[in-house]
Protein chains: 2
Amino acid sequence: MAKRVSLKDIADKLGISTALVSYVLNGQEKEKRVGAEVVLRIKKAVEEMNYIPNQIARSLRKGTTNTIGLIVADIANPFFGTMARIVENEANRCGYTVVIGSSDEDCKKSSMLINNFLNRQVDGLIIVPSEGCENQVKSLIKRGIPLVLFDRYTPDLSSNHVVLDNYLASFDAISHLIQQGYKRIGMIAYRSGLIHMKERVRGYVEAMKDHKLEKYILIKEVKHENVKIETEQALQEITHGEKKIDAIFFATNTLSISGLYGIQKMGLKVPDELGVIGFDGAEAFDFFYSPLSYIRQPIDEMVKESVKILFDQIKGSIKITHVKLAPQLIKRQSCG
Amino acid sequence: MAKRVSLKDIADKLGISTALVSYVLNGQEKEKRVGAEVVLRIKKAVEEMNYIPNQIARSLRKGTTNTIGLIVADIANPFFGTMARIVENEANRCGYTVVIGSSDEDCKKSSMLINNFLNRQVDGLIIVPSEGCENQVKSLIKRGIPLVLFDRYTPDLSSNHVVLDNYLASFDAISHLIQQGYKRIGMIAYRSGLIHMKERVRGYVEAMKDHKLEKYILIKEVKHENVKIETEQALQEITHGEKKIDAIFFATNTLSISGLYGIQKMGLKVPDELGVIGFDGAEAFDFFYSPLSYIRQPIDEMVKESVKILFDQIKGSIKITHVKLAPQLIKRQSCG
DNA sequence: GTATATAACTTAATCGATTAAACAAACGAC
DNA sequence: GTCGTTTGTTTAATCGATTAAGTTATATAC
């Protein structure tokens with residue numbers, strides 16, 4: 001591989017010092033009063049020699065990399081893919097690059113990613129935190145690393161975060177189901193201590209209680225590792241037998257889709273035998289024979305807000321910002 | 001933000017030189033015969049002071065960043081999301097980090113991304129090339145940048161690439177439709193000069209000719225900018241009137257999904273009125289009322305192969321590798 | 001007792017760009 | 001003719017880690 005052209009190569013070729021070249025490349029020719037003729041010669045040489053500045057060297061010197069790290073649960077999940085795409089757009093607009101990592105909701109992987117990104121001196125992080133990584137987050141905050149948590153947060157840590165009003169999301173969904181005449185409403189959620197999941201469950205429980213349906217409260221929690229199988233099993237159990245449910249609420253898009261596979265397989269009639277409300281939205285929801293009603297997250301706004309907060313932090317702001325955005329219930333045919 | 005601990009801080013604290021610390025951190029204590037007691041003291045200090053090596057400095061010195069750049073069309077598209085995820089896994093296993101960019105099939109964006117990644121001294125690139133960026137690719141090759149093209153390639157450039165046998169994919173799909181009794185088979189493709197699209201079209205054309213159906217050849221090409229609307233329009237046109245088609249083949253997953261929306265809206269009966277075969281696979285395919293038959297790409301294998309080739313290049317191999325993998329036709333209910 | 005190995009460290013150059021500080025030449029003021 | 005300014009340029013330190021080459025001190029050989 002041919003050796004790359006460096007600043008010094010240009011300076012040497014023109015018989016001048018590297019300082020001049022650097023000034024011109026950074027558009028400081030006025031402030032540093034570089035001679036007009038020299039400016040031209042430098043620009044010409046830069047063009048001719050096909051010079052590409054070495055960001056690594058620059059980063060080392062300046063102490064900033066113009067890079068932000070993004071840690072999601074799984075970049076193959078369209079929800080996070082969409083999220084990543086918006087982060088990328090916003091970051092690029094400001095001259096930043098994004099490095100992305102998938103944690104699989106696994107605290108160890110998350111930790112490795114965070115360390116790796118810090119080694120690489122990212123200027124800030126947007127993290128969808130996994131369960132059990134409170135200490136990692138705490139440590140980041142203590143070290144003053146610009147950070148925004150997304151989708152979830154740790155209540156007793158004062159970090160920046162942008163989340164959906166998850167309580168309201170569930171509450172609305174369940175209220176709507178009840179209004180449509182459903183009573184025995186079940187919920188399938190992840191087994192997780194994370195606040196977003198707890199809030200979604202709380203919204204469900206409160207809505208049921210508010211309508212005096214506490215006796216029908218039925219929550220099945222599945223583990224991250226085996227979503228599809230566990231979801232179908234759970235579904236099987238609660239849609240049969242004496243106490244079988246007449247409606248179901250899924251707590252995430254992955255759960256919703258796994259659930260739909262199950263419903264399809266079992267041949268349940270939606271919305272007559274079973275009312276359904278999902279989460280997040282997916283193309284699959286639109287093609288389900290009874291197009292799915294779902295909770296829509298304002299993801300565009302959420303991500304833009306996150307990036308904005310992060311850049312504020314990077315610029316030195318010490319303000320802690322919490323943003324909670326309202327969900328939207330998209331009503332279609334799957335719930336009466 | 002508290003100043004980070006550097007190698008020198010550790011050396012100073014222990015009253016030794018930075019060289020020793022560096023040796024120990026790199027596991028060279030044996031070769032460089034660092035004293036046993038010193039090794040212990042260094043390890044203890046590293047732990048205590050919570051030292052994190054500065055990858056930037058290391059990269060500058062070593063000339064490698066242990067980072068690879070990935071340029072896809074759109075990370076929000078699950079096909080590329082899945083691809084990115086596999087790249088990430090493979091890269092991580094080897095201690096590499098991935099930076100991802102979305103080109104939107106736009107040559108200018110692609111160019112900006114490539115330059116940006118090169119500024120950042122990525123060790124190699126995996127690129128899903130856009131139309132018109134042959135010169136960019138050529139320049140990369142000329143400069144000896146480790147590179148693997150994915151999904152598409154430029155026939156007259158000798159670059160490494162990993163692609164599907166797109167000709168065969170189409171040929172198989174169309175042959176199957178014909179075998180099922182369809183004759184007036186249309187195709188919806190992207191308006192693109194890229195080889196993968198040309199090959200997909202060629203497979204269609206050849207299959208039609210082989211069965212003496214050339215008079216029914218009907219290809220609609222849509223632009224990237226307005227996929228959904230254009231696809232629906234195209235569909236509208238070719239499913240009505242005298243010469244209306246009785247089956248359709250979509251050339252990508254985005255086109256397939258847009259097409260399904262159109263079919264759903266128009267209330268066409270699949271597979272009776274219209275046989276359908278899609279591309280790539282998507283959850284939406286499974287929930288379409290007549291589960292879609294589709295061409296499945298062995299994406300896992302394709303990506304792993306790409307990463308392997310790239311790492312070979314990074315390690316110095318000068319071998320040019322072309323990999324073409326066989327598609328799989330998943331037959332379901334949408335085509336008879 | 002001198003020469004040679006070996007072990008254990010230190011020194012200092014290096015990667016490439018940035019930038020404060022020093023320097024030199026030309027100009028104007030009086 | 002001297003002093004101060006302005007203009008244009010160079011010098012060299014710096015970011016943090018790596019590593020070839022150099023330096024001691026101690027051990028072993030004969």
Trainee: Take atom CG of A/Asp12 and atom P of C/dA17, then tell me their distance rounded to the nearest Å.
Mentor: 12 Å

Trainee: Can you tell me if the side-chain N/O atoms of B/Ser17 get under 4.0 Å from OP1 or OP2 in C/dC9?
Mentor: no

Trainee: Among C/dT10, C/dA17, D/dA17, which is the nearest nucleotide to the side chain of A/Tyr51?
Mentor: C/dA17

Trainee: Roughly, in whole Å, what's the span from CD in B/Gln121 to P in C/dC15?
Mentor: 14 Å

Trainee: State which of C/dT11, C/dT18, C/dA21 makes the closest approach to the side chain of A/Tyr23.
Mentor: C/dA21

Trainee: What is the minimum heavy-atom distance between A/Val34 and A/Val24, and which atoms define it?
Mentor: CG1-CG2, 4.2 Å

Trainee: Given D/dT18, D/dA13, D/dT9, identify the nucleotide with an atom nearest to the side chain of A/Leu20.
Mentor: D/dT9

Trainee: Examine C/dT18: is either OP1 or OP2 under 4.0 Å from a nitrogen or oxygen in the side chain of A/Asn26? Give yes or no.
Mentor: yes

Trainee: Which of these nucleotides, D/dG8, C/dT19, D/dG16, is closest to any side-chain atom of A/Arg61?
Mentor: C/dT19

Trainee: Does B/Arg58 make a side-chain N or O approach to OP1 or OP2 of D/dT18 shorter than 4.0 Å?
Mentor: yes

Trainee: What's the closest nucleotide to the side chain of A/Arg33 if the choices are C/dT10, D/dA17, D/dT6?
Mentor: D/dT6

Trainee: Starting at the 5' end of DNA chain C and moving along, which residue's nearest nucleotide shows up first, B/Gly15 or B/Lys62?
Mentor: B/Gly15

Trainee: Nearest 0.5 Å please: distance from the CD1 atom of A/Ile42 over to the NZ atom of A/Lys13.
Mentor: 13.0 Å

Trainee: What integer distance in Å separates A/Leu60:CG from D/dG16:P?
Mentor: 7 Å

Trainee: When rounded to the nearest 0.5 angstrom, what distance separates CD in B/Glu301 from CD1 in B/Ile86?
Mentor: 11.0 Å

Trainee: More 5' along DNA chain C: A/Asn54 or B/Val34, using each one's nearest nucleotide?
Mentor: B/Val34

Trainee: Starting at CE of B/Met302, measure out to CG of B/Asp151 and round the result to the nearest 0.5 Å.
Mentor: 6.0 Å

Trainee: Give B/Thr18 one of three labels, base, sugar-phosphate or nothing, depending on what nucleic acid heavy atoms sit under 4.0 Å from its own.
Mentor: base

Trainee: I need the A/Asp104 CG to B/Asn89 CG distance, nearest 0.5 Å.
Mentor: 7.0 Å

Trainee: Categorize B/Gly35 for me: base, sugar-phosphate, or nothing, with a 4.0 angstrom heavy-atom threshold over every strand shown.
Mentor: sugar-phosphate

Trainee: What is the separation between atom CD on B/Glu31 and atom C1' on D/dT18, rounded to the nearest whole Å?
Mentor: 14 Å

